[in-house]
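The structure appears right after this line, and notes come after that.
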Amino acid sequence: MLPKAYDPQGTEDRIYSMWEESGAFTPSTESDKETFTISMPPPNATGQLHLGHAVMLALEDIFIRYERMKGKEALWVPGTDHAAIATENVVIARLQKEGMAHPREELGREELLKRIAAFVETSRDTIRSQVRKMGSSCDWSREAYTMDPTLNRCVNEVFVQMYNDGLIYRGNRIVNWDPNLQTNVSDDEVEHVNRKDPFYWFQYGPFQIGTVRPETKFGDKYVVMHPDDERYREYKHGDTFECEWINGPITATVIKDAAVDPAFGSGCMTITPWHDHTDFEIAQRHKLDYGQIIDFEGKLLSVAGEEFAGLPIEEARPKVLEKLEKKGLVVRVEDNYEHAVAINSRGKGKIEPQVRLQWFIDVNKKVVPWGGKRFGVLSPKKMSLKEVMQTVVNTGDIKIIPEKFNKIYFHWIDNLRDWCISRQIWWGHRVPVFYCTKCGDSSSPESGQYVSVQLLPTCPHCGEFVEQDSDTLDTWFSSALWTWSTLVDKSLTEDYSLSLKDILEKSPDYQRFHPTQVMETGYDILFFWVARMILMTTYATGNIPFETVYLHGLIRTREGKKMSKSDPETCIDPLEIIPKYGADALRLSMILGQSPGNDSRLYDEKIAGYRNFINKLWNASRFVFMQCEEAKVDLHTIAISYQLSADSSLADRALLSALQDLIRDVTEGMEAYRLSDVGERLYSFTWDYFCDWYLELSKGDANPAVLVHALRTLLLLLHPYCPFVTEALWEHCKPQEAPMLLTMPWPEVDAKLHDQEAFNQLQVVIDVISSIRVMRAEQDLEPAKKVNVVIHSKHGSLLENEREHIIRLARLENLTIDGNPQQHENAASTFLQGTEVHMPLEGLVDKEKVRAKLIKEQASLSQFLTGIQAKLNNKTFLSSAPAEVVQGEQEKLTSTQEKLAKIQERLQSLA
RNA sequence: GGGUGGUUAGCUCAGUUGGUCUAGAGCGUCUGGUUUACACCCAGAAGGUCACUGGUUCGACUCCAGUACCACCCACCA
């Protein structure tokens with residue numbers, strides 16, 4: 001016999017190995033079944049499983065398991081990410097801990113990359129096993145990695161193609177430079193944090209200028225103001241003047257530009273184009289000179305003068321201030337000026353804008369012949385990458401769930417600037433561009449510059465050795481190819497005679513499983529990743545990467561804060577939860593009661609609640625097994641399908657009918673991606689209907705065949721949500737020949753078992769019992785006092801042959817019915833004739849209460865009726881509404897009239 | 001500054017095109033209970049003018065407008 005409580009720890013690992021070894025996670029490329037594909041957002045190869053992964057894995061596993069059971073060839077491609085900056089930093093930090101002061105310099109590029117790759121290899125098993133702990137039914141035989149050679153080939157192919165299309169260009173632009181990590185980061189990776197700092201006002205010739213960063217002001221020789229600012233009308237654009245500044249007198253020029261807000265402070269400012277985005281743009285507009293003030297480590301350059309050169313900016317600030325103070329140029333200082341400081345979201349280092357030579361993707365150039373979601377449909381009208389991104393969502397080729405993210409997505413695209421794709425770190429896909437110093441010509445920046453998919457050892461022009469660009473690509477560049485690069489045939493990527501198009505056409509997995517159906521991920525990487533996948537995949541393959549984007553919300557602490565490892569008090573670690581409550585309980589607690597795209601909170605009691613549910617299911621199954629044992633029925637020989645027989649009781653027929661409704665609702669809900677609704681429907685059906693009513697009614701009168709059939713159906717329906725416990729129970733009750741639960745076909749509605757009448761009748765019984773319970777709780781019953789009880793059911797009346805049922809239920813409720821059996825018979829017959837029953841029970845129900853309820857119902861119904869009547873008399877409605885709507889209203893009208901008549905009757909009988 | 005959401009029981013949240021919802025669930029609280037699975041249980045109770053103000057409608061938690069507060073995202077205000 002099974003133990004009283006379900007033990008996840010002793011079950012889950014065994015079940016997972018069983019699944020994995022069976023090969024059921026690996027779909028066939030051969031079959032002609034419809035496919036369903038999900039690409040798993042790859043966790044960091046060196047990372048640890050956190051709740052963000054857990055919720056992603058749970059949702060995707062539900063999708064995949066459902067579709068697999070629906071008979072589709074379901075492929076879930078797992079993988080890991082090389083996480084460029086994060087991984088390189090971890091390895092460097094480790095080396096430094098081991099005593100190596102400057103790992104980059106000491107090891108050199110080749111050796112450091114080897115060390116990083118080795119580190120990834122040794123630590124990747126951790127995340128792999130943690131993904132398994134969640135029950136993820138992904139195809140490990142197709143596991144991918146963003147630094148695979150295959151992916152590198154794809155990256156290079158796309159880069160070269162974009163370069164040749166003029167979509168990738170190199171330019172001196174202002175970038176978000178992180179002096180700590182010695183690299184630039186994309187706009188999306190910059191966070192803005194509000195901070196309070198002193199704000200200084202300086203005299204700059206005849207003007208007053210304000211700044212929080214006096215240390216950047218050495219090279220400022222332009223003063224800018226709004227062209228319409230009346231205060232400065234006397235100054236003309238291009239006027240020059242002499243003025244005293246930090247390191248002596250300078251010549252300054254007046255510039256008029258609309259970027260200046262006249263309402264802010266004095267309405268004029270000086271600019272530092274090399275270290276500020278706005279200033280850079282102003283300088284570009286007016287073709288102004290600009291120079292670097294701060295070096296890439298964050299120290300002042302020689303332009304600051306001997307006194308300050310080489311000083312880190314934090315140290316320089318007070319000294320610059322002191323000097324200006326002495327010169328009498330400080331007008332005033334405002335304390336606590338609130339402004340935003342740019343921070344690198346990876347590593348949290350401060351961003352110092354710098355001008356650097358970088359690679360960019362042009363999002364506005366119209367060169368993409370996008371013609372729809374299928375490959376090969378080319379449009380004569382060329383679009384820009386931006387426009388393609390907009391088009392695929394606009395036309396519905398890609399659907400975003402929840403819908404509200406459409407707006408956010410479009411808004412982001414509207415403000416999208418060219419994407420800076422080069423990074424100054426070593427770990428990543430190296431920019432496939434090669435430079436020949438001999439052929440290079442300073443007057444033409446592109447001379448001596450070659451793009452190449454393959455490593456280019458010598459210059460194709462002069463035969464000299466060439467040097468590869470030292471930068472690597474933004475990690476999102478390679479991630480953006482994820483849905484299809486993981487399906488490319490590895491052997492083909494070694495053949496350099498093939499084009500990317502050839503490779504795709506010859507890759508069986510790509511042909512069969514792409515585009516993918518669902519991209520499920522957190523809304524926080526909609527821009528980083530989802531949008532970039534759309535951009536790159538439509539361009540590179542002529543195909544959309546996925547049909548539906550399902551965005552989940554963030555999991556927060558009980559207090560609503562973001563989970564962070566630094567706060568172990570409130571941070572929930574899935575790896576601690578799984579042994580304690582089981583992966584199934586964790587999955588349910590993250591999915592039920594949540595809506596997509598909204599953040600949710602997770603805490604211990606919530607998970608415990610779902611653990612209780614899992615245990616409830618376990619015990620309900622035990623009960624079923626015990627009933628079978630008692631009846632000496634071998635449950636493995638019971639057929640999977642059930643057919644009604646003459647001796648099927650009301651309870652049986654009602655349950656079977658409710659089960660059909662359940663199958664229908666769950667299936668419809670799954671198709672519409674309403675995961676929370678479906679989960680809650682299953683939860684309440686299992687607990688509130690199956691356990692609380694059907695199993696209770698079975699006591700003393702069990703029908704093993706129905707019990708087993710219902711239990712099996714529930715296990716099938718629940719399997720995507722809680723795969724471990726359902727599979728474990730399935731082992732105990734499956735038909736002999738049936739396979740594992742995960743490969744069982746999804747249950748279908750059996751119309752023959754649908755019996756609404758039986759369901760309604762049982763509902764009457766349930767109402768009766770409930771009323772009696774309420775009555776007993778409400779009233780202090782004096783055993784000696786016998787009174788008539790009126791019970792009302794809103795569900796109609798019982799059939800004659802269900803008399804037995806009532807009697808049995810009354811016994812179940814321990815109701816001491818008056819000793820006179822005839823009287824009880826009478827009560828039951830009364831019940832049969834109407835919807836009220838007079839039973840000589842030990843209680844009393846207030847007739848007035850019932851009356852009040854009925855009157856209220858009557859009032860609301862008649863109002864409803866007036867409404868419909870008005871609608872049906874409205875000519876505009878009749879002419880504009882579709883025929884089926886009008887008919888629906890008519891049906892409502894008749895049914896409401898019938899209901900009103902019934903209420904009338906009841907009221908009369910009460911009087 | 002721009003945008004997007006939220007405001008429903010003590011707490012955490014559902015509520016799919018406006019009407020069979022007399023607004024639900026879980027947790028918590030209270031009362032009673034060891035009845036042929038389950039105390040990780042059973043039966044029941046209390047608890048909500050669905051943020052506020054108007055509007056549309058026969059009818060609004062649901063649609064519209066405005067207000068307040070909260071959250072998040074984006075942004076070059078020195």
Side-chain angles (χ1 to χ4, degrees), chain A residues 1-2 4-6 174 187-188 192 199 209-213 224 259-261 263-266 268-272 276-282 339-340 342 353 402 404-405 407-408 411-412 414-415 523-524 526-527 553-554 558 560 581 585 589 592-595 597-603 605-606 608-627 630 669 672 674 676-677 680 683-684 688 691-692 695-696 698-700 702 769-770 773-774 776-778 794 812-814 853 856-857 860-871 892 895-896 899:
Chain A
M1 197 62 236
L2 296 174
K4 273 192 165 189
Y6 169 61
I174 190 153
D187 293 343
D188 291 308
H192 296 272
F199 191 77
I209 58 142
T211 184
V212 271
R213 306 194 57 194
V224 191
V260 180
D261 176 6
F264 185 88
S266 63
C268 60
M269 64 181 194
T270 61
I271 56 168
T272 316
D276 186 282
H277 285 90
T278 319
D279 296 2
F280 182 81
E281 280 167 23
I282 293 174
H339 66 126
K404 69 175 177 186
F405 282 99
K407 274 188 185 173
I408 299 173
H411 186 254
W412 177 80
D414 288 343
N415 296 310
Y523 65 76
D524 50 330
L526 174 64
F527 307 140
L554 266 49
R558 186 200 308 269
Y581 295 116
S589 65
L592 274 63
Q594 332 287 333
S595 45
N598 288 331
D599 293 355
S600 62
R601 307 181 187 200
L602 190 67
Y603 36 89
E605 299 94 291
K606 206 180 208 174
Y610 290 105
R611 184 268 323 263
N612 296 352
F613 171 73
I614 299 290
N615 198 50
K616 185 77 183 174
L617 179 67
W618 180 262
N619 275 293
S621 308
R622 282 180 67 217
F623 177 79
V624 173
F625 303 158
M626 283 162 88
Q627 295 303 319
E630 214 163 280
R674 306 182 64 86
S676 173
D677 289 359
E680 289 188 341
Y683 180 102
S684 81
D688 305 338
C691 291
D692 289 352
L695 293 190
E696 290 304 324
S698 290
K699 288 177 181 172
I769 299 299
S770 299
R773 282 174 182 167
V774 172
R776 302 166 106 207
E778 271 178 357
K794 55 178 173 182
L812 204 69
E813 275 300 299
N814 255 345
K853 262 189 190 176
K856 218 171 161 185
E857 200 176 339
S860 90
L861 276 176
S862 31
Q863 206 177 21
F864 181 28
L865 201 66
T866 343
I868 300 174
Q869 276 164 343
K871 219 179 211 175
K892 271 190 203 173
S895 74
T896 311
K899 278 173 202 162

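The basis for the numbers below is simple: all heavy atoms, side chains too, and nothing from hydrogens, waters or symmetry mates.
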Closest to the [X] side chain: [options]?
X	options	answer
A/Val260	B/rA78, B/rA37, B/rC76	B/rA78
A/Asn615	B/rA43, B/rA78, B/rC40	B/rC40
A/Arg601	B/rC76, B/rC13, B/rA14	B/rC13
A/Lys407	B/rC13, B/rA78, B/rG5	B/rG5
A/Phe264	B/rG3, B/rA37, B/rA78	B/rA78

Separation of the [atom1] atoms in [N] and [M], to the nearest angstrom:
N	M	atom1	result
B/rU4	B/rG66	P	12 Å
B/rG48	B/rA39	P	34 Å
B/rU7	B/rC61	P	14 Å
B/rU62	B/rU8	P	14 Å

Pairing partner (Watson-Crick or G-U wobble, both distances under 3.5 angstrom) of [N]:
N	value
B/rC63	B/rG55
B/rG48	none
B/rG18	none
B/rU31	B/rA43
B/rC76	none
B/rC69	B/rG6

Margin query: Is the distance between the ring centroids of A/Tyr610 and A/Tyr683 under 6.0 Å?
Written below: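 Yes, close enough.
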
Next item on the list: Would you check if the side chain of A/Gln594 reaches a backbone N or O of A/Leu592 as a donor-acceptor pair within less than 3.5 Å?
Entry: yes

Notebook entry, point to check: Between B/rC72 atom P and A/Phe405 atom CZ, what is the distance in whole Å?
Noted result: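 Atom-to-atom, A/Phe405 to B/rC72, this comes out as 14 Å.
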
Next item on the list: Could you state the atom-to-atom distance from CG of A/Asp599 to P of B/rA71 in whole Å?
Entry: 13 Å

Across the strands shown, which category fits [X] at heavy-atom distances under 4.0 angstrom: base, sugar-phosphate, nothing?
X	value
A/Gly593	sugar-phosphate
A/Val212	nothing
A/Arg213	nothing
A/Glu630	base
A/Lys4	sugar-phosphate
A/Arg611	base

Note to self: With nearest nucleotide decided by heavy atoms, which residue, A/Cys691 or A/Lys404, maps closer to the 5′ end of RNA chain B?
What the structure shows: A/Lys404

Next item on the list: With RNA chain B as reference, determine whether A/Thr211 or A/Ser600 sits nearer its 5' end, using the nearest nucleotide of each.
Entry: A/Ser600

Check: Can you tell me how far NZ of A/Lys404 sits from CG of A/Asn598, rounded to the nearest 0.5 angstrom?
Finding: 4.0 Å

Item checked: Stepwise side-chain contact (heavy atoms from CB on, under 4.5 Å) test for A/Asp188 and A/Trp412 -> CA-CA 10 Å; A/Asp188 291 308; A/Trp412 177 80; 3.3 Å; yes

Check: Could one point to a donor on the side chain of A/Lys606 or the base of B/rC27 with an acceptor on the other under 3.5 Å away?
Finding: no

Notebook entry, point to check: Between the base of B/rA37 and the side chain of A/Glu696, is there any donor-acceptor pair under 3.5 Å?
Noted result: yes

Check: Within the pair A/Asn612 and B/rC38, is there a side-chain N or O less than 4.0 Å away from OP1 or OP2?
Finding: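 For B/rC38, neither OP1 nor OP2 has a side-chain N or O of A/Asn612 closer than 4.0 Å.
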
Notebook entry, point to check: Within less than 4.0 Å of OP1 or OP2 of B/rA14, is there a side-chain N or O belonging to A/Ser595?
Noted result: yes

Item checked: Smallest separation among heavy atoms of A/Asn619 and A/Lys4, with atom names ->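 The pair with the smallest heavy-atom distance is ND2-O, 3.1 Å.
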
Checklist line | Residue pair A/Phe280, A/Ile271: steps toward the side-chain contact (heavy atoms from CB on, under 4.5 Å) verdict | finding: CA-CA 8 Å; A/Phe280 182 81; A/Ile271 56 168; over 6 Å; no

